[in-house]
Visitor: 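Encoded as C-alpha cells, here's the structure I'll be asking about.
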Amino acid sequence: MSMVFSAKDVSCTVDSDRTASGMDDADGTRTIFSGSSFSIRAGRIVDLTGPSGSGKTSLLTAFAGLNPHAHGIYTLNGRDSSEFSKQQWRREIAYLPQKPVLIGGSVAEVIRLPFTLTVRRRQTDMASSWRTRILSLVRDAAPTYPGDEDIRKALDAVGCEDIGLTRSPQELSGGQAARVSLIRTLMTKPSVLLADEVDAGLDDENAEKVARIMTCAANGGMAVVRIRHRPPDGHASRIVELSDGRLHERTLA
C-alpha cells in the first residue's frame with residue numbers, strides 16, 4: 001500500500017495558561033510538541049498512545065486542519081495541503097471526536113447530515129454480509145446520499161439492529177452513539193480517519209465492535225489513526241507514543 005498521509009516538523013504552541021502539559025518557553029507560551037513527523041500507508045491502522053495531557057488530541061486536530069495553534073508540512077497522496085481548500089482537506093482527513101456529536105431529530109437525520117451539505121445524492125445498494133457492507137462504505141469512488149435501506153443495512157452491520165431510523169439520538173447508549181457516529185463518518189469515505197479515543201467509556205464488547213469496523217475500513221484502503229488508552233487489541237500495525245513533546249515508535253506486543 002502507498003503512503004497516503006504524511007506530516008513533517010509539526011509543532012503546537014499555546015499560551016502558557018491554556019494547558020498544564022508541554023514545556024514553558026521564555027515568551028510566556030507553552031510548547032505541546034515540536035519537530036514531530038508522522039506517516040501512514042493506505043489500509044493501515046496506527047495507534048497513537050501517550051500520557052494524558054501529552055497532546056494527542058492536539059496532534060490529530062493538527063492533521064485534520066482543525067488546530068489553529070499547530071503548524072507543519074502535511075501531504076495527502078503526494079499533494080501538499082496548500083493545494084486543498086479547507087473543506088477539501090477536511091473531507092479527506094476526517095476527525096472523529098471522543099464524544100459523538102449527533103445533530104438531528106432522528107438517527108437517520110444524524111447520518112445524513114454530512115450529505116445535506118453536498119450535492120451528492122445518488123443512492124446505492126449495499127451487500128449482505130457485515131464485512132462487505134463496511135467495505136462498500138469505503139471503497140466506492142465518491143460518497144453517496146444514503147437512502148433508508150442503506151442506513152438500515154449499515155446499522156445492522158455494526159450490531160445496531162435494535163436502533164430504528166426514527167429513534168432520537170438522545171436515546172442512544174454510549175456504545176450505540178459511538179457506532180452511529182463512526183458509520184456516519186465512514187459513509188463520507190475519507191482517505192484518512194482520525195479517531196480520538198472513540199472506544200473510551202465503552203465496555204470490551206462494544207470496543208471490539210468499533211475496532212472491527214475500523215479494521216474493515218482499513219481493509220478497504222482507508223488509513224486509520226486511533227488514540228487509545230486501552231491495551232493493544234491486535235488490530236493496529238504500528239503503535240506510536242507521544243511523550244515529552246515527541247513521537248516515538250513503539251514495538252507491538
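From a predicted model like this one, the values you see are computed outputs, not experimental measurements.
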Visitor: Is there any side chain to side chain donor-acceptor pair (under 3.5 Å) pair reaching into residues 102-114, and which pairs are they, with sequence neighbours excluded?
Guide: R112-D148
Visitor: Going by the ring-ring contact (aromatic ring centres under 6.0 Å, His included) test, which pairs reach into residues 76-106, not counting sequence neighbours?
Guide: F84-W89
Visitor: If you take all heavy atoms of A154 and I183, which pair is closest and at what distance?
Guide: CB-CG2, 3.9 Å
Visitor: Going by the ring-ring contact (aromatic ring centres under 6.0 Å, His included) test, which pairs reach into residues 45-67, not counting sequence neighbours?
Guide: F5-F63, F38-F63
Visitor: Would a 4.5 Å heavy-atom cut-off, applied to side chains only, mark M222 and S191 as touching?
Guide: no
Visitor: Tell me yes or no: between the side chains of T75 and S6, is some donor less than 3.5 Å from an acceptor?
Guide: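 A pair is found: one side chain offers a donor N or O, the other an acceptor, under 3.5 Å apart.
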Visitor: For the pair N206 (side chain) and D203 (backbone), establish whether a donor and an acceptor sit closer than 3.5 Å, ignoring hydrogens and angles.
Guide: no
Visitor: Step by step, would you call I213 with R179 a side-chain contact (heavy atoms from CB on, under 4.5 Å)?
Guide: CA-CA 9 Å; I213 297 166; R179 281 176 278 164; 4.1 Å; yes
Visitor: Roughly how far, to the nearest 0.5 Å, is CD of Q176 from NZ of K209?
Guide: 9.0 Å
Visitor: What I'd like to find out is whether the side chain of L194 reaches to under 4.5 Å of the side chain of L96, using heavy atoms alone.
Guide: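 Not touching, per the 4.5 Å side-chain cut-off.
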Visitor: Say whether, by atom type as modelled, one donor and one acceptor occur between the side chain of S181 and the main chain of A177 under 3.5 angstrom.
Guide: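 Side chain of S181 to backbone of A177, a donor-acceptor pair under 3.5 Å: no, none is there.
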Visitor: So do the side chains of V110 and I103 get within less than 4.5 Å of each other, counting heavy atoms only?
Guide: no
Visitor: Where do P51 and K56 come nearest, in terms of heavy atoms and distance?
Guide: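 It is O-NZ, 2.9 Å.
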Visitor: I'd like to check V46 versus V224 (side-chain heavy atoms, cut-off strictly below 4.5 Å). Are they in contact?
Guide: no
Visitor: Do T215 and H235 pair up side chain to side chain, a donor and an acceptor below 3.5 Å, judged on atom types alone?
Guide: yes
Visitor: Mind checking the OG-CE spacing from S39 to M3? Nearest 0.5 Å is all I need.
Guide: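 Going from OG on S39 over to CE on M3, the span is 4.0 Å.
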Visitor: Testing the basics here: between G175 and L202, what is the closest heavy-atom pair and its distance to 0.1 Å?
Guide: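 It is CA-CD2, 3.3 Å.
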Visitor: Name all residues meeting the salt bridge (charged side-chain N to carboxylate O under 4.0 Å, His left out) criterion together with E161; count only those two or more places apart in sequence or in a different chain, and write none if there are none.
Guide: none
Visitor: To the nearest 0.5 Å, what is the distance between NE2 (H69) and OG1 (T13)?
Guide: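 The distance works out to 10.0 Å.
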Visitor: For E205, what residues pass the side chain to side chain donor-acceptor pair (under 3.5 Å) criterion, not counting sequence neighbours?
Guide: none
Visitor: When rounded to the nearest 0.5 angstrom, what distance separates CD1 in I163 from OG1 in T166?
Guide: 11.5 Å
Visitor: CG/L60 to CD1/I93 distance, rounded to the nearest 0.5 angstrom?
Guide: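 Rounded to the nearest 0.5 Å, the CG-CD1 separation comes to 11.0 Å.
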Visitor: Does the pair L59 and I32 meet the rule for a side-chain contact (heavy atoms from CB on, under 4.5 Å), with working shown?
Guide: CA-CA 9 Å; L59 186 63; I32 307 302; over 6 Å; no
Visitor: Is there a donor-acceptor contact under 3.5 Å from the side chain of S237 to the main chain of I45?
Guide: yes
Visitor: Mind checking what makes salt bridge (charged side-chain N to carboxylate O under 4.0 Å, His left out) contact with E171, not counting sequence neighbours?
Guide: R167
Visitor: Quick one: CG on D15 to OG1 on T29, what's the gap to the nearest 0.5 Å?
Guide: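 Spacing of CG (D15) from OG1 (T29) equals 7.5 Å.
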Visitor: Determine, stepwise, if the pair V192 / L76 fulfils side-chain contact (heavy atoms from CB on, under 4.5 Å).
Guide: CA-CA 9 Å; V192 181; L76 178 67; 4.2 Å; yes
Visitor: Under the side-chain contact (heavy atoms from CB on, under 4.5 Å) rule, collect the residues that match up with D9, sequence neighbours excluded.
Guide: none
Visitor: Do L247 and L48 touch side chain to side chain, with heavy atoms closer than 4.5 Å?
Guide: yes
Visitor: Is there any salt bridge (charged side-chain N to carboxylate O under 4.0 Å, His left out) pair reaching into residues 59-72, and which pairs are they, with sequence neighbours excluded?
Guide: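 Sorted pair list comes back empty.
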Visitor: For I111 and V180, what are the C-alpha separation, side-chain angles and deciding distance, and is it a side-chain contact (heavy atoms from CB on, under 4.5 Å)?
Guide: CA-CA 7 Å; I111 291 177; V180 167; 4.1 Å; yes
Visitor: Does D204 have any salt bridge (charged side-chain N to carboxylate O under 4.0 Å, His left out) partners at least two apart in sequence or in another chain, and if so, which?
Guide: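 D204: salt bridge (charged side-chain N to carboxylate O under 4.0 Å, His left out) contacts with R230.
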Visitor: Counting C-beta onward and ignoring hydrogens, is there a side-chain heavy-atom pair between I239 and P232 closer than 4.5 Å?
Guide: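 Yes. Closest side-chain heavy atoms under 4.5 Å.
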Visitor: By the salt bridge (charged side-chain N to carboxylate O under 4.0 Å, His left out) test, which pairs, at least two apart or in different chains, include something from residues 232-243?
Guide: R226-D233, R228-D233, R238-E249, E241-R250
Visitor: Minimum heavy-atom separation for G65 to R90, with atom names?
Guide: O-NH2, 2.7 Å
Visitor: Between the side chain of S54 and the main-chain N/O of L242, is any donor-acceptor distance below 3.5 Å?
Guide: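 Pair found, side chain donor or acceptor close to backbone of L242.
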Visitor: Search all heavy atoms of N67 against all heavy atoms of C12 and return the closest pair with its distance.
Guide: ND2-SG, 3.8 Å
Visitor: Indicate whether the side chain of D47 and that of T49 have a donor and an acceptor atom separated by less than 3.5 Å.
Guide: no
Visitor: Within the structure provided, determine whether D150 and K153 are in side-chain contact (heavy-atom separation under 4.5 Å).
Guide: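 Heavy-atom side-chain distance check fails, nothing below 4.5 Å.
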Visitor: Are L102 and L165 connected into the same hydrophobic cluster when the rule is that any two of I, L, V, M, F, W, Y join if their side-chain heavy atoms are below 4.5 Å apart?
Guide: yes
Visitor: Quick check: do R184 and P114 have side-chain heavy atoms less than 4.5 Å from each other?
Guide: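 Contact flag for R184/P114 side chains = yes.
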Visitor: What is the minimum heavy-atom distance between H248 and R246, and which atoms define it?
Guide: CD2-O, 3.4 Å
Visitor: List in chain and number order the residues that pass ring-ring contact (aromatic ring centres under 6.0 Å, His included) with Y74, two or more places apart in sequence or in another chain; answer none if no residue qualifies.
Guide: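 ring-ring contact (aromatic ring centres under 6.0 Å, His included) list for Y74, sorted by chain: empty.
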Visitor: Tell me, please, which residues at least two apart from S168 pass side chain to side chain donor-acceptor pair (under 3.5 Å).
Guide: Q170
Visitor: Report whether V101 and L113 are members of the same hydrophobic cluster (ILVMFWY, side-chain heavy atoms less than 4.5 Å apart, transitive linking).
Guide: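 Cluster IDs for V101 and L113 match.
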